[in-house]
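So the structure is just underneath, and the comments pick up after that.
The basis for the numbers below is simple: all heavy atoms, side chains too, and nothing from hydrogens, waters or symmetry mates. Counting convention: from 1, in listed order, for ligands and their atoms alike. Computed from a predicted model, the values in this text were never measured in an experiment.
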Amino acid sequence: MITVLFGAPGAGKGTQADLLADRLGYKKISTGDALRKHIRSGTEVGLKARSYMDEGKLVPDDVLLEVLGSELLSSGNANVLLDGYPRNTAQAEALGALVKSKGIRYCIHLDVNSNVLVDRISGRRTCSSCGSTYHITYNPSKVFGVCDRCGGDTVQRPDDSEDKVKVRLAVYEQQTKPVLEFYKNAGLYRRVDGTGTTQEVFERICATLNQA
Ligand code: AMP
């Protein structure tokens, strides 16, 4: 089964997906992490994606479909959490066609007010090695600058700078938010309040996932 974790940049998708993977054994697929890995490895996909990501824009759908397809292939029969896909309605349709057999369980919308988002993103630090995310105030790593999970360096992503964040939030409003209507129409939409502590949000998500 596939669960889509949906929300604006900074809504907490990555943090919650990591928790759900650690505590409940879900397999997290983050298309942003996968693209960053391609960039670090200098693959063709990485070369195609880089300029879009640097500008805070969406990478073209055909590139994403290739990335998602190979991530899903390597996930076997695990319960998958999608973090960062779909980001427009064409991608939502493509996902439906791709995962027919596994099926989509829910689209969980982490709903967070836009003024909270900027605060969260500007304090976010990401492990340059494994992609784990932290926040300098709300969820710091145990040792400043060092990832708790793998010991890699935690840094501010280039697209988390203030000017890029504005572009990404505008892209979310214009292109990504309509995906919610898609899942509402399919009866798969579930709203979760994304404000509060990491643990509070985690418990709300678990309560939703436990619904029959
Ligand atoms: P994220 O780590 O999810 O915030 O994604 C970082 C960047 O990767 C986004 O701003 C986009 O440039 C690109 N990206 C990630 N997922 C997608 C997607 N589903 N469609 C298009 N671009 C994406």
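Using the six-membered ring where Trp is involved, His109 and Tyr189 have ring planes that are tilted, between 30° and 60° apart.
Atom NZ of Lys184 is surrounded by more than 12 heavy atoms from other residues, nucleotides or ligands within 6.0 Å.
For ligand 1 and Leu35, the ligand atoms under 4.0 Å from any heavy atom of the residue are 8 (O), 13 (C), 14 (N), 15 (C). Ligand 1 places these atoms under 4.0 Å from at least one heavy atom of Thr31: 15 (C), 16 (N), 17 (C), 19 (N). The distance from ligand 1 to the heavy atoms of Gln91 drops below 4.0 Å at these ligand atoms: 18 (C), 19 (N), 20 (N), 21 (C).
The line from CD1 of Ile108 to CZ of Arg191 is 12.5 Å long, rounded to the nearest 0.5 Å. Once rounded to the nearest 0.5 Å, the distance linking OH of Tyr183 with CG of Leu95 reads 4.5 Å. Taken to the nearest 0.5 Å, the CG atom of Asn185 stands 11.0 Å off from the CG atom of Leu180.
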Handout entry: Leu72 and Ile2: CA distance, side-chain angles, deciding distance, side chain to side chain contact (heavy atoms under 4.5 Å, CB included) verdict
Key = CA-CA 10 Å; Leu72 281 174; Ile2 303 233; 3.7 Å; yes
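The protein non-hydrogen atom at the shortest distance from atom 22 (N) of ligand 1 is Val59 N, 3.0 Å. Looking from atom 23 (C) of ligand 1 to the surrounding protein, the closest heavy atom is Arg87 CD, 3.9 Å. Summary of contacts: the protein heavy atom closest to atom 8 (O) of ligand 1 is Met53 CE, 3.3 Å. For atom 12 (O) of ligand 1, the closest heavy atom belonging to the protein is Lys57 O, 2.6 Å. Looking from atom 10 (O) of ligand 1 to the surrounding protein, the closest heavy atom is Arg168 NE, 4.0 Å.
The shortest N or O to N or O distance between Gly56 and ligand 1 is not below 3.5 Å.
At a heavy-atom cutoff of 4.0 Å, ligand 1 is contacted by no atom of Asp61, backbone or side chain. When heavy-atom distances to ligand 1 are checked against a 4.0 Å cut-off, Leu64 comes that close only through its side chain, counted from C-beta outward.
In this structure, a donor-acceptor pair under 3.5 Å is present between the side chains of Gln91 and Asp61. In this structure, a donor-acceptor pair under 3.5 Å is present between the side chains of Arg149 and Ser132.
Put simply, part of Arg36 is less than 4.0 Å from ligand 1, judged by heavy atoms. Residue contact annotation: Arg157 has a non-hydrogen atom under 4.0 Å from ligand 1.
Salt bridge status for Asp33 with Arg36: present, with a side-chain N to carboxylate O gap under 4.0 Å.
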